[in-house]
There are 2 protein chains.
Amino acid sequence: MALALQGFTFLQQYATSWMHGKTKTSSMALNLGVLSSAQINAAGVIHPAETHPDVNLYAIASRDASKAKSYAEKYGFKKHYGSYQELLNDPDINMVYVSLPNSMHFEWTKKALLAGKHVLCEKPFTSNAAEARELVKLAKEKKLVLEEAFHWQFHPAAHLFRSILDSGKYGNIISTDAWMTASPGIPEGDIRWQFELAGGSLMDETYALSFTRYAIHTPHPPKTVLSAISRPSKQDPRVDAAMHAHLLFASPTDPNRSIHSRIYTDLSRSWTFFGLVPRLWELPSIEVETDTATVFFYNAMMPHVYHYIAITDKRTGKTEYRTQSFRRAGVGR
Amino acid sequence: MALALQGFTFLQQYATSWMHGKTKTSSMALNLGVLSSAQINAAGVIHPAETHPDVNLYAIASRDASKAKSYAEKYGFKKHYGSYQELLNDPDINMVYVSLPNSMHFEWTKKALLAGKHVLCEKPFTSNAAEARELVKLAKEKKLVLEEAFHWQFHPAAHLFRSILDSGKYGNIISTDAWMTASPGIPEGDIRWQFELAGGSLMDETYALSFTRYAIHTPHPPKTVLSAISRPSKQDPRVDAAMHAHLLFASPTDPNRSIHSRIYTDLSRSWTFFGLVPRLWELPSIEVETDTATVFFYNAMMPHVYHYIAITDKRTGKTEYRTQSFRRAGVGR
């Protein structure tokens with residue numbers, strides 16, 4: 001089902017790529033280089049760039065030179081390179097999109113920054129915290145923009161979600177509960193099961209953590225990890241098939257309060273309860289409890305496919321349902 | 001459904017009253033007096049007393065003398081009184097069971113203690129904390145036993161639940177989530193909607209709080225009430241139709257940790273989601289999250305009718321289901 005939906009999302013993205021007009025490139029446009037010929041490129045950056053006047057689809061690199069060439073022809077990149085470093089050496093490129101396997105994010109983001117390029121790096125950002133810190137430090141020194149590619153945060157539905165929480169209308173946040181699961185599970189040979197490629201449920205389904213930090217709206221990491229328990233993969237116990245975490249964040253609105261956050265990620269969740277009753281399949285979502293309400297963002301991960309925000313006021317018992325599309329927000333065509 | 005189940009429980013209790021044998025009364029038996037002719041008496045104390053050799057069904061009081069007489073004849077009480085105070089004046093009575101309306105619990109429990117009787121008082125104990133403190137203080141001074149009648153705590157399933165949590169096998173408790181709701185709701189004229197009679201969801205469905213304190217196994221009240229929001233009744237805004245509370249308890253096993261507890265009570269919960277999709281009806285239950293597991297006690301309120309305890313180990317993803325009946329615990333006949 002997760003895979004089916006992923007397939008549907010790609011289909012929708014391809015459909016959109018035909019339906020949307022291409023804007024004229026402005027005189028201010030920056031030249032974009034894409035590192036890898038990953039499937040995510042079309043949805044992740046190529047079609048969005050086509051609608052943006054300030055981005056030039058400039059160059060693409062693959063270790064397979066012929067693949068880079070055919071990719072460039074298909075999507076209209078001006079240049080193509082048979083190695084990633086060659087692309088980085090091109091002085092006309094202003095920014096790069098890194099869509100390499102997770103384990104290569106650190107190496108190539110670092111090389112891109114050293115080459116003076118702004119970087120948009122696919123999630124998960126790096127394989128560990130030390131690598132992340134090093135990249136952030138380097139980007140600051142070089143005065144370059146460095147961003148982890150969590151697209152959902154730029155959807156108007158996410159902005160509506162945060163404006164509801166930030167409004168103060170429902171008081172302070174007390175707790176959050178976020179999840180992302182895959183049933184019937186990611187196939188055995190998938191790169192997400194490979195420790196060396198930075199696989200695992202928390203790395204791949206890091207959206208759950210992203211929803212949480214976005215909702216709490218704090219620049220700080222959790223002050224305490226109360227619990228973080230993984231269910232090791234049967235193939236490789238170094239890889240987490242599932243992760244349950246219970247984090248304690250300092251409230252950004254009231255220093256005397258803490259926010260309890262539960263996170264649950266699972267790459268192979270059981271299909272049933274009791275081995276019998278089918279389990280409802282849940283899209284990646286977050287529920288936030290505030291003083292006077294619960295705010296539930298259903299399918300926060302892919303609001304462009306389908307989503308709703310349900311606000312239940314504890315004082316009235318009433319639930320209000322909200323959605324926010326691109327067009328209604330006035331930013332579509 | 002709540003009412004249907006309540007009806008079923010009473011039916012089961014009546015059936016049990018025919019099926020169970022009556023034990024012989026021991027020479028050590030204490031004389032019990034019952035204050036009120038409430039419907040709960042049979043299930044709450046009369047049938048249990050019939051199986052207990054150390055309890056004599058001694059006297060019953062009602063404001064209606066003829067009612068007290070017919071009640072005494074039906075259940076085999078030796079004496080009957082047409083006023084509560086007359087019963088308390090009987091020097092042969094050792095203990096009383098108070099099943100008067102909530103608002104009268106304080107007055108008659110106090111009078112019973114002053115008359116030197118041990119007291120079993122129906123839940124909710126009193127109408128407010130000041131009354132509760134006064135009664136506890138008085139019972140201590142008089143060296144009398146004073147107990148709130150939460151029967152579920154004496155069921156072997158509750159002991160199993162607590163032994164699982166206390167075993168340390170799953171680490172410390174991180175959070176709890178307890179609820180009790182009534183759909184389609186308690187009828188309008190019910191005493192539970194009367195402010196003067198100490199009505200309201202938190203008073204009537206105080207089981208949710210009882211489950212929580214029992215699970216945490218602490219003698220202390222919550223150290224902080226992070227949030228306590230009621231949905232006022234339409235008939236009388238002083239009565240809470242529903243209550244959402246978020247409490248912070250000090251962990252009894254680790255003074256540096258807090259336990260977050262959510263409580264939800266609702267006397268008239270909506271039947272549907274979106275006004276369309278039927279909502280699954282949930283029996284009063286509690287879910288406890290520990291470091292390495294979730295422990296879910298389904299129908300903790302009436303384990304004698306039906307219950308299960310589901311332990312999901314976060315490390316294995318496996319769920320183990322447990323039940324504990326009276327007979328299997330070796331305390332049945």
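So you know, we letter chains A, B, ... as the sequences are listed, proteins then strands, and number each from 1.
Salt bridge A:D291/A:R257: present, at least one basic N to carboxylate O contact under 4.0 Å. Between A:K318 and A:D313 there is no salt bridge, since none of the side-chain N atoms of the basic residue sits less than 4.0 Å from a carboxylate O of the acidic one. Electrostatic pairing of B:E320 and B:R322 counts as a salt bridge here, judged by a charged N lying under 4.0 Å from a carboxylate O.
Identified by a heavy-atom distance below 4.5 Å to chain B, the contributing residues of residues 220-244 of chain A are A:L226, A:S227, A:I229, A:S230, A:R231, A:P232, A:H244, in residue-number order.
Residues A:Y207 and A:K123 have side chains in contact (heavy-atom distance under 4.5 Å, counting atoms from C-beta outward). Contact of the A:I186 side chain with the A:W193 side chain is registered, since non-hydrogen atoms from C-beta on lie closer than 4.5 Å.
Between B:Y298 and B:Y308, the ring planes are parallel. Angles under 30° get that label, and only those over 60° would be called perpendicular.
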